[in-house]
Each structure stands twice: as structure tokens, then as C-alpha cells.
Amino acid sequence: MDTAARTLRVGIVGYGGAGRGIHARLVREAGHVVMAVVVRSPERRAAAAEDWPGVHLHDDVDALLADRAAYDVVVVASPSALHADHATALARAGVPVVVDKPLALGATASRAVVDAAEQAGTPLTVFQNRRWDPEQLTLRSVLDRGDLGRVHTFERRWERWRPVPQQRWKENDLVGGGLLLDLGPHLVDSATQLFGPVTGVWAELRSHTTPTEDDVFLVLHHAPDADGNAVVSRLWAGSVVGAPGPRTRVLGTGGAYVVTTFENDASPFEVFDDAAPAGTLGWVTRGREREPVPQAPGGHADFYRAVAAWLLDDGPVPVDPRDAVRTAEVLDAARRSAREGRLLEV
């Protein structure tokens, strides 16, 4: 039977901004169904029941495990500080697991989760949905065509204007909160997927309006490729940015690829996109010359289509969890670099 015509039954741990707002939405878009949810808040329990009539609601992971016949895979979308414990318990019970980023709070804990899953023989993957961003896929096509020549610099910004912080754990929890663990995994994974492993990290982390960092700047030194070319990535994440910069800028000896908008947010430096033809995303520029780039097909729901192929048809793992361990190593080094004020090897 064709995978696209088959329904994957999904359990979700946590039904807040990530569980409901991202995972449940993409599960539905991919044609699958949520059958069980771990959630305690009365309001969120009511939301899950409304979204998925007949869904099984549980107070904790132990109760979810006792309901094993209801689902094929469980998504861990709880607060970041709980990811390792929840994922390990599920893996040891033999339940296939999707863990929202970050896999754990650091490299040591991330490695322990992956080891536990491997020892139990349990399928484990990590939700790096930004690999399926149309922007990332379009950039990949530009690089594959060689439009930019020899690339030397990759820049990506995840900046927003939020002078009044949201009152939630991501902004306020000193353990597990902050932009380094929230947006950092996306930024680092994007860079390493495009330009290879990281050998050195330099970082600045600041807090303007929250107890945790709300301003992140990372410089990643990538290992040289077979031709000796070593790319440098410069990555920003900020919540107090009244003038967000160009979302993506990739510089090479043959030109640049530029994207000045991100999803529903526009930049005041949006000098190109108001004139972009339909069906395009970003521009290849060479000084004053520019040409629009056809948008590559794909979207975030393709992650869950890949999960179905992985679990139902023995397809490849959507995201190798060891990639998440390597990302955690980079983020650990970034935190040490910011503290010590120097470039650190990874």
C-alpha cells in the first residue's frame, strides 16, 4: 500500500505552542492523526479533545505507556528540560520517538538519549523541521547548481521585534530557556547541513529583557572540504531587534544568494522581495545585477511524511539523532566561548 494513503497514529507529550501549534498541525497536514496526548492543563485538554475527537488524554508519560496500543510513534514536545527524561523512558519502552529540538540540554545528555535508544533498538529521530524549509531547499538548489562559485560565508538571522517578552518558560526558565537552545539548534543544524562539521566556535550571548539570553551571535568555522575550502557561518538570533536584517545571505566568488523576508515577517531592508515574481524565493545577486530564484518544492509537513516512510516502509531516518548530538556539542562550546570570551575548538 502507498505510504501516502496510510495513517500514522501519533502520541504527543505536551500540547502547548510546540505540541499543538507546530506538531499537531503538521501531523494533520501530512495526513496522519493524533490519538493520544499527555497534558494536564484543563484548557489544553479541552483543546486537544476539540482538535482530535476521541483522543486519549493522559496525565503523564507512564499513563501514556500503559496505552501503548493507541499509537505508532510519540512526539516529545514538552519543555526542553524534560526532553531527555521523556525520550529515554519512551525509548527504553520500545516506543518510536520524535523529539523536538533540542534533543537535550547539552551534548552529554543528548548522547545518553541516543545511546539508550540504540541499546533498546528503538527508532529515534529529532524534529529539525527547518531542513524542509522552502528557503533551505531553495538555497540547496542554488549551491548544487554552483551559481555562487566558491562559497566563503553563510549568514542567517532569526530576528524579531518582541520588546515585551512573552510570559512562558522559554523566556523565563534559566534551565532550558533562552534563544541559544530555542533557535540555536535550527541555526547550527542549517549551517552544518549545508557546509559540514564545525571545528571552532566564537559566541556572544546577552540578555536584554529576559532572565535568559535573548540576543545570540555565533561564528562557526567549518572544516575544509575536499578542495580545501572552509566556510565561515555567522548566525544571529534576537528578540529585541526593531530592524531585522536580511534573513539569509550567502557569499561566494561567483555571487550571493539573498533572502530578505522570513515567513510572515518583513525586514525594513526588504529591497528586493516586493518585486519578486510569483513562485520564486530570494535572489542571486552580483553587484547591481540580480535574478530571482525559483522556489524549490517542499514544506515542514514533509518531515512527518518522512517519519511515516521511516516507520511504515523501512525508509531512512528523517534526521540522524547523532546530528543532534553534534549540534549540542557546538552549542555547548558556544556557551563556553561566550563565558570565556575566546574562540573554542569543537
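Here the structure is a predicted model, which means the values were calculated and not measured.
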Inset, instruction - Using a cut-off of 6.0 Å, state whether more than 12 heavy atoms not belonging to Arg249 lie near its atom CZ. - result: no
Legend entry - Inter-residue atom distance Arg131.CZ - Arg140.CZ, 0.5 Å rounding: 12.0 Å
Legend entry - Exercise: identify the closest heavy-atom pair between Ala230 and His222: CB-O, 3.6 Å
Inset, instruction - For Tyr304 and Val98, run side chain to side chain contact (heavy atoms under 4.5 Å, CB included): C-alpha distance rounded to whole Å, both residues' side-chain angles, the deciding distance at 0.1 Å, then the answer. - result: CA-CA 10 Å; Tyr304 278 106; Val98 172; 4.1 Å; yes
Legend entry - Sole residue of Arg20, Arg28, Arg25 in side chain to side chain donor-acceptor pair (under 3.5 Å) with Asp51: Arg20
Inset, instruction - Look only at the side chain of Thr212 and the backbone of Glu171, and say whether a donor-acceptor pair between them is shorter than 3.5 Å. - result: yes
Inset, instruction - Show the numbers, then the answer: is there a side chain to side chain contact (heavy atoms under 4.5 Å, CB included) between His186 and Gln128? - result: CA-CA 7 Å; His186 286 314; Gln128 284 292 355; 3.4 Å; yes
Inset, instruction - Mind checking salt bridge (Lys or Arg N to Asp or Glu O under 4.0 Å) for Asp59 and listing every partner two or more places apart, or none if nothing turns up? - result: Arg45
Legend entry - Side-chain donor or acceptor of His83 paired with backbone N/O of Ser78 under 3.5 Å: yes
Inset, instruction - Can you measure from CG (Leu183) to CG (Leu235) and round to the nearest 0.5 angstrom? - result: 11.5 Å
Legend entry - Residue of the set Val75, Val76, Leu26 for which side-chain contact (heavy atoms from CB on, under 4.5 Å) holds with Phe127: Leu26
Legend entry - Arg168 atom CZ, neighbour heavy-atom count above 12 within 6.0 Å: yes
Inset, instruction - Mark yes or no for whether Gln295, through its side chain, and Pro134, through its backbone, hold a donor-acceptor pair below 3.5 Å. - result: no
Legend entry - Residue pair Arg40 / Asp60, side-chain heavy-atom distance below 4.5 Å: yes
Inset, instruction - Mind listing the closest non-hydrogen atom pair of Glu135 and Tyr257 along with its distance? - result: O-OH, 4.4 Å
Legend entry - Test item: His32 side-chain N/O and Leu8 main-chain N/O as donor-acceptor pair under 3.5 Å: yes
Legend entry - Distance in Å, Trp236 CH2 paired with Glu155 CD, rounded so as to fall on 0.5 Å steps: 4.0 Å
Inset, instruction - List the steps, then state whether side chain to side chain contact (heavy atoms under 4.5 Å, CB included) holds for Phe154 with Val232. - result: CA-CA 6 Å; Phe154 170 61; Val232 171; over 6 Å; no
Legend entry - Other residues, nucleotides, ligands: >12 heavy atoms within 6.0 Å of Asp144 CG: yes
Legend entry - Distance-only side-chain donor-acceptor flag, Thr285 / Arg290, under 3.5 Å: no
Inset, instruction - Look only at the side chain of Asp215 and the backbone of Gly238, and say whether a donor-acceptor pair between them is shorter than 3.5 Å. - result: no
Legend entry - Donor-acceptor under 3.5 Å (Arg9 side chain, Val33 main chain): no
Inset, instruction - Please lay out, stage by stage, how Leu187 and Ser190 fare under the test side chain to side chain contact (heavy atoms under 4.5 Å, CB included). - result: CA-CA 5 Å; Leu187 292 167; Ser190 294; 5.9 Å; no
Legend entry - Six-ring centre of Trp158, Arg247 cation under 6.0 angstrom, axis tolerance 45°: yes
Legend entry - Any side-chain donor near an acceptor of the partner, Gln193 and Arg130, under 3.5 Å: no
Inset, instruction - Give a yes or no on whether the backbone of Arg322 and the side-chain of Asp320 come within a donor-acceptor separation of less than 3.5 Å. - result: yes
Legend entry - Glu340 CD: over 12 foreign heavy atoms closer than 6.0 Å: yes
Legend entry - Any donor-acceptor pair under 3.5 Å from Thr327 side chain to Pro185 backbone: no
